[in-house]
Amino acid sequence: MSASTEEAQPAGGLATLGFIGLGIMGRPMAHNLLRAGYPLVVHDRVPEPIQELVAAGAREAESPGACARAADVVITMLPDTPDVEAVLFGPRGAASSLRANALVIDMSTIDPLSTRRFAEALASRGATLVDAPVSGGQKGAIEATLSIMVGGPREGFERARPILETLGRTVVHVGESGAGQVTKACNQLVVASTIEAVAEALVLATKAGVDAARVREALLGGFAGSRILELHGQRMLDRTFQPGFRIRLHWKDARIIVSTASQLGVPIPGFEAVARALQEMADGDGGELDHSALVIPLEEAAGVRVGGVPR
Ligand code: NAD
């Protein structure tokens with residue numbers, strides 16, 4: 001059924017939700033909202049995930065604007081900052097069709113400073129934007145165990161909270177608009193830098209003739225231990241580079257981190273080197289590999305392979 005010409009009626013006291021962006025993350029999140037009983041109106045630029053959600057009980061909206069007209073709360077789960085800007089403010093965008101006192105929850109990972117600009121533009125139209133990027137990957141989206149970092153006014157957070165608690169296990173209100181995106185940027189800075197450090201350590205060990213698997217095991221018990229050494233270190237040893245989290249998306253996050261730091265005048269020399277490594281992989285043929293594949297160029301430069309398999 002199309003929601004383009006009719007208004008959705010809240011059922012069972014639950015707000016009608018609009019969901020825009022039904023990709024790797026958005027599709028299972030939308031299913032979880034349907035299962036929780038929310039009336040759901042969905043939109044994407046490709047038809048296939050829409051058909052799947054409609055078969056599960058959602059209604060289709062033919063544009064972001066139609067989605068906004070039909071919903072009390074609009075959720076976006078889109079790749080990057082320009083995508084969110086286009087969906088909100090572009091032709092047939094959501095912003096000009098939002099209901100009175102509407103809430104927009106942007107769960108994409110985008111630039112924090114643009115988020116603040118979007119929040120101000122929506123506030124001038126009487127709507128509230130909360131930024132609610134997530135960590136936990138596709139598995140967390142499917143299992144509704146995401147960690148969700150929320151920025152925006154407390155009133156918006158309280159309205160968003162029950163919806164977000166349907167999608168994740170940890171929901172933290174970090175601060176005002178953009179604070180969720182800043183938190184996510186910090187998360188991605190630490191994750192990529194740690195993957196790079198683990199990769200460098202395992203390549204160094206291998207080149208020195210020491211078994212990288214044993215090194216990983218020994219390090220896990222000490223101060224260098226981390227979930228990334230555990231999981232991504234094992235991926236490097238096993239050569240399981242299918243994503244996971246794609247280098248292409250981490251490079252997008254790196255651009256957000258570098259541009260935010262630059263606009264704020266904050267030096268991030270360590271991360272800049274990691275960002276260059278992500279860019280070289282993304283510009284080459286590594287963009288679709290898991291981010292643990294950051295080990296590959298280091299191995300090539302050193303002429304070794306950490307899993308012990310001959311090159
Ligand atoms: P994806 O590329 O799989 O999905 C994005 C969806 O948005 C696609 O279905 C696409 O068709 C749709 N879309 C893009 N532009 C559109 C437009 N203008 N109008 C309508 N639909 C549009 O991406 P994803 O992996 O689901 O990631 C979404 C966001 O979540 C990204 O910001 C990403 O960084 C973040 N994230 C991803 C993961 C992960 O593991 N994949 C984990 C945490 C956070």
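Throughout, numbering of the chain's residues begins at 1 and tracks the sequence. Both ligands and their constituent atoms are indexed starting at 1 by order of listing.
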Revision key, fill the gap. For atom 18 (N) of ligand 1, the closest protein heavy atom turns out to be V87 CG2, 3.6 Å
Exercise for review: Report the part of R246 in contact with ligand 1, treating N, CA, C, O as backbone and CB onward as side chain, heavy atoms under 4.0 Å; options are side chain, backbone, both, neither.
Suggested key: neither
Practice item. Before accepting this row, confirm whether a basic side-chain N of the pair D131/R116 lies closer than 4.0 Å to the acidic partner's carboxylate O. Key: no
**Study point:** Proximal candidate to atom 12 (C) of ligand 1 [heavy atom criterion; set L88, D44, L22]
**Key:** D44
Practice item. Report the nearest protein non-hydrogen atom to atom 33 (C) of ligand 1: residue, atom name, distance rounded to 0.1 Å. Key: K252 NZ, 3.8 Å
Review point. Are R27 and ligand 1 in contact, using a heavy-atom cut-off of under 4.0 Å?
Key: no
Exercise for review: Evaluate the ring planes of H291 and H232, with Trp represented by its six-membered ring, and classify them as parallel (under 30°), tilted (30 to 60°) or perpendicular (over 60°).
Suggested key: perpendicular
Point to revise | Closest non-hydrogen atom pair between C67 and F19, with its separation | key: SG-N, 3.8 Å
Check your understanding: Could a heavy atom of K184 be found less than 4.0 Å from some atom of ligand 1?
Key -> yes
Check your understanding: Is the number of heavy atoms from other residues, nucleotides or ligands within 6.0 Å of CG (D285) greater than 12?
Key -> no
Exercise for review: May I ask you to identify, for P79, whether its side chain, its backbone, both or neither come under 4.0 Å of ligand 1 on a heavy-atom basis?
Suggested key: both
Check your understanding: Out of P82, G137, C67, whose heavy atom sits nearest atom 40 (O) of ligand 1?
Key -> G137
Review point. Under the 4.0 Å line, does any protein heavy atom show up next to atom 23 (O) of ligand 1?
Key: no
**Study point:** Polar atom proximity, I24 to ligand 1 (N or O, under 3.5 Å)
**Key:** yes
Practice item. Go through the steps to decide whether S97 and R92 satisfy the test side chain to side chain contact (heavy atoms under 4.5 Å, CB included), and finish with yes or no. Key: CA-CA 8 Å; S97 300; R92 306 175 77 211; over 6 Å; no
Check your understanding: In the protein, which heavy atom is nearest to atom 13 (N) of ligand 1, and how far is it?
Key -> L78 CD2, 3.5 Å
Review point. Would E143 and K139 pass as an ion pair if we require N to O under 4.0 Å?
Key: yes
Exercise for review: Give a yes or no answer on whether the side chain of D290 reaches the backbone of Q242 with a donor-acceptor pair at less than 3.5 Å.
Suggested key: no
Check your understanding: Looking at V130 and F157, what are the two nearest heavy atoms and their distance?
Key -> CG1-N, 3.9 Å
Review point. Short list, please: which atoms of ligand 1 are under 4.0 Å from a heavy atom of T109?
Key: 32 (O), 34 (O), 35 (C), 44 (C)
